[in-house]
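Lettering of chains follows the sequences in order, A, B, ..., and the numbering in each one begins at 1. The figures that follow rest on heavy atoms only: side chains count, while hydrogens, waters and symmetry mates do not.
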Number of protein chains: 2
Amino acid sequence: MKKNAQINSTQVCQVRMRAISDAMSLLSGKWKFHILGTLIEGNTLGFMDLLREINGIGTKMLSKELQDLEINNLVSRTVMNTKPITVQYSITEYGKTLLPLIDELAKWGTDYRKSVYPKNIGEK
Amino acid sequence: MKKNAQINSTQVCQVRMRAISDAMSLLSGKWKFHILGTLIEGNTLGFMDLLREINGIGTKMLSKELQDLEINNLVSRTVMNTKPITVQYSITEYGKTLLPLIDELAKWGTDYRKSVYPKNIGEK
DNA sequence: GATATTAGTTTCCAAGAGGAAACTAATATC
DNA sequence: GATATTAGTTTCCTCTTGGAAACTAATATC
C-alpha cells in the first residue's frame, strides 16, 4: 500500500504554502528588503541616493530590483522635470503593508545573532 | 561636495540591515519555509514522509536543506534503531520561534493574492 | 573644452541554485 | 532471487543571480 501526503494535502496547507511562494517570489533576492527598508526610512530618494545608502549594491542590481518592485506596486517612480533629470523613488501605501513582515524578519534576525554571539550584542 | 549616506549610516539601521541579512542567509532558498512549515504542522516525520508531503522537492534538495536547517538548530534529526533504518525529523524549540515570521509571510502572501485576483479568493 | 552629475543600460563573466536520474547499502517481503 | 523500502549521495546539466566595468546621453559647472 502506497503512502500519500497527509498534512500538506489539506486545503488550508495548500493555500498557505502557495501564499508563501507568492510572497517569496516578490521579495526574494539579496537587495529587495534593503531597498524597501531604506525607502520606508527615507520617504523619497533618488537613484543616486539609494546607491549611496545601500552599501554594496551596484547600478545594475539597483535598477533591476527597483523595476521589479515598481511592477509589483511596492515602490513608485516619478521622473522630475529637472536638469539634469532626477527620479524620485518612494514606497507606496501598498509597500508599507510589508512593514510588519520586515519588522518580524529584523526581530528574528536580531534574536538569532544574540543567540549565536551572546557576549557582543550589537557589536561587529 | 560629495554626498554621503545618511539614513542607513545610523547605528540602528546598520544593525537592522545586518539582522535581515542574517535571517535571510538561514532562510533563503525555494524549500526552507515549506520544510519548516510542514514540520511545524506534522510534528515528527521521516525523510520519505517529507518527500511525499512537499510537492515537487527531490531527494537532493530535501537532504541538503535538512542539513542546513539542522546545522542552524532549526530542525533535529534522530536516527532510529529500526530495520530498515528510519530517521525522524522534528522542528526544534528554537525552530518554533520562526512561527510568527512564517505566519506573517503567509498572511502577506494571502493578502497579496487577494489584491491581484480579487474575484477568485482561494481558488487556483 | 574637460569634468561631474543625473539615471540608467549593456556586456561579460563567475558562482550558486536547483532538477533528473542513476547509484549505494542494508534489510524485509513476495 | 527479485523487488520494495528505508535514507540518502553523486553526477551531470541548465538556469538564475549577481558583480565589475564600460558605455550612453543630457546638462551644468569649472
Side-chain angles (χ1 to χ4, degrees), chain A residues 1-6 17 20-21 24-36 38-39 42 44-72 75-90, chain B residues 1-6 17 20-21 24-36 38-39 42 44-72 75-90:
Chain A
M1 156 178 140
K2 199 178 173 190
K3 287 185 198 171
N4 289 314
Q6 301 205 331
M17 291 179 74
I20 290 173
S21 296
M24 284 178 63
S25 74
L26 297 193
L27 303 171
S28 65
K30 192 174 173 180
W31 299 110
K32 295 225 177 69
F33 282 115
H34 294 309
I35 296 172
L36 291 167
T38 304
L39 285 173
T44 289
L45 293 167
F47 186 85
M48 293 306 288
D49 295 328
L50 283 165
L51 203 59
R52 278 185 286 266
E53 292 292 341
I54 301 168
N55 214 285
I57 200 169
T59 56
K60 194 191 77 169
M61 289 310 295
L62 180 56
S63 172
K64 191 223 155 206
E65 297 296 68
L66 282 170
Q67 282 170 25
D68 284 359
L69 294 170
E70 197 198 349
I71 285 169
N72 291 311
V75 159
S76 74
R77 177 181 183 273
T78 312
V79 179
M80 307 305 286
N81 191 18
T82 55
K83 293 163 187 178
I85 198 174
T86 51
V87 176
Q88 284 186 355
Y89 288 99
S90 312
Chain B
M1 158 178 135
K2 199 180 171 190
K3 288 185 197 170
N4 288 313
Q6 301 204 330
M17 291 179 74
I20 290 173
S21 296
M24 284 178 63
S25 74
L26 296 192
L27 302 172
S28 66
K30 191 174 172 179
W31 300 109
K32 296 226 177 68
F33 282 115
H34 292 310
I35 295 171
L36 290 167
T38 304
L39 285 173
T44 289
L45 294 168
F47 186 85
M48 292 306 289
D49 294 328
L50 284 166
L51 202 60
R52 278 185 286 263
E53 293 291 343
I54 301 169
N55 214 287
I57 200 170
T59 56
K60 194 191 77 169
M61 289 310 296
L62 180 56
S63 172
K64 190 221 157 208
E65 298 296 67
L66 283 169
Q67 281 169 25
D68 284 359
L69 294 170
E70 196 198 350
I71 285 170
N72 291 310
V75 158
S76 73
R77 177 181 183 273
T78 312
V79 179
M80 307 305 287
N81 191 18
T82 54
K83 292 164 188 177
I85 199 174
T86 52
V87 176
Q88 284 186 354
Y89 288 98
S90 313

Send over the distance from Trp31(B) CH2 to dG18(C) C1', rounded to a whole Å.
-> 9 Å
Is a donor-acceptor contact shorter than 3.5 angstrom present between the side chain of Thr82(A) and the base of dT6(C)?
-> no
State, yes or no, whether a side-chain contact exists between Ile35(B) and Tyr89(B) at a heavy-atom distance under 4.5 Å.
-> no
Measure the distance from CG on Asn81(B) to P on dT6(D) and round it to the nearest whole Å.
-> 17 Å
Checking N1-N3 plus N6-O4 or O6-N4 for Watson-Crick, or N1-O2 and O6-N3 for wobble, each under 3.5 Å, the partner of dT16(D) is dA15(C)
Proximity to the side chain of Met61(B) - top-ranked nucleotide from dT6(C), dT9(D), dG18(C) = dG18(C)
Atom CE of Met48(B) to atom C1' of dG8(D): distance rounded to whole Å?
-> 10 Å
Between Asp68(A) and Glu65(A), is any pair of side-chain heavy atoms under 4.5 Å apart?
-> yes
Quick one: does Ser63(B)'s side chain get under 4.5 Å of Phe47(B)'s, heavy atoms only?
-> yes
Please work out if Lys64(A) contacts a base, only the sugar-phosphate, or nothing of the nucleic acid, heavy-atom cut-off 4.0 Å.
-> nothing
Starting at CD of Gln67(B) and ending at P of dG8(D), how long is that distance when rounded to a whole Å?
-> 8 Å
Specify the separation, in whole Å, of atom NZ of Lys83(B) and atom C1' of dA7(D).
-> 17 Å
Quickly, which of Thr44(A), Leu45(A), Asp49(A) forms a side-chain contact (heavy atoms from CB on, under 4.5 Å) with Leu39(A)? Name it, please.
-> Leu45(A)
Between P of dA17(C) and NZ of Lys60(B), the distance in whole Å = 10 Å
Can you find a side chain N or O atom of Tyr89(A) that sits less than 4.0 Å from OP1 or OP2 on dG8(C)?
-> yes
CG of Leu62(A) versus P of dA7(C): gap in Å, rounded?
-> 10 Å
Identified pairing partner of dA26(C), criterion: Watson-Crick or G-U wobble below 3.5 Å = dT5(D)
Nucleotide nearest Ser63(B) when distance is taken to its side chain, options dT9(D), dG18(C), dT6(C) = dT9(D)
Now, which nucleotide makes the Watson-Crick or G-U wobble pair with dT11(D), with each of the two distances under 3.5 Å?
-> dA20(C)
Separation of dA25(C) C1' from Ile85(B) CD1 (nearest whole Å) | 10 Å
Which value, rounded to the nearest 0.5 Å, describes the distance between Lys30(B) atom NZ and Ile54(B) atom CD1?
-> 12.5 Å
Taking the side chain of Thr59(B) as its heavy atoms from C-beta onward, which of dA28(D), dT9(D), dT6(D) lies nearest to it?
-> dT9(D)
Which nucleotide in the list dG19(D), dT6(C), dT9(D) gets nearest to the side chain of Pro84(A)?
-> dT6(C)
Measuring from Lys64(A):NZ to Ile57(A):CD1, what's the distance to the nearest 0.5 Å?
-> 10.5 Å
Across the strands shown, which category fits Gly29(B) at heavy-atom distances under 4.0 angstrom: base, sugar-phosphate, nothing?
-> sugar-phosphate
Residue whose nearest DNA chain C nucleotide is more 5′ - Gly56(B) or Thr86(A) = Thr86(A)
Arg52(B) side-chain N/O to dT5(D) phosphate OP1/OP2 under 4.0 Å = no
